[in-house]
Amino acid sequence: MKDRIDDLLNLLEVEPDRLHAAELLNAQASLERLAGKTVAAATVDETRVTIVTQDGGRYHFYGFLGFEPAK
């Protein structure tokens, strides 16, 4: 039980900027694996976006994914 409490306390010490940067790296890696594949379906839930490709692969994106228009 103490280990679990320590784990939870460590989660409280996460820096938001580092968490954001890590999430962007994970999303970028998933998007790179999607290159050249055909999207068969996509769903948007409260906590994630799921993309299913024609070959049956499932790609999950969590957190906030934003968009910046070209300048």
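Start at 1 with the first residue, then count along the sequence.
Atoms OG1 and CZ, on T43 and R58 in that order, are 7.5 Å from each other to the nearest 0.5 Å. To the nearest 0.5 angstrom, R33 atom CZ is 11.0 Å from Q28 atom CD.
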Between Y62 and N26, is the side chain to side chain contact (heavy atoms under 4.5 Å, CB included) condition met? List the steps. CA-CA 9 Å; Y62 297 89; N26 286 331; over 6 Å; no
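Under the 4.5 Å side-chain heavy-atom criterion for ILVMFWY residues, no single connected hydrophobic cluster contains both V52 and V49. In the hydrophobic clustering of ILVMFWY residues, with side-chain heavy atoms under 4.5 Å counting as a link, V44 and I51 come out together.
Residues T50 and Y59 form no side-chain contact, since every pair of their non-hydrogen atoms from C-beta on lies 4.5 Å or further apart. When side chains are defined from C-beta on, T53 counts as touching L34, because their heavy atoms get closer than 4.5 Å.
Closest approach of F61 and A27 over heavy atoms only: CE2-O, 3.7 Å.
Counting only distance, with no hydrogens or angles, the side chain of D55 and the backbone of G57 share a donor-acceptor pair below 3.5 Å.
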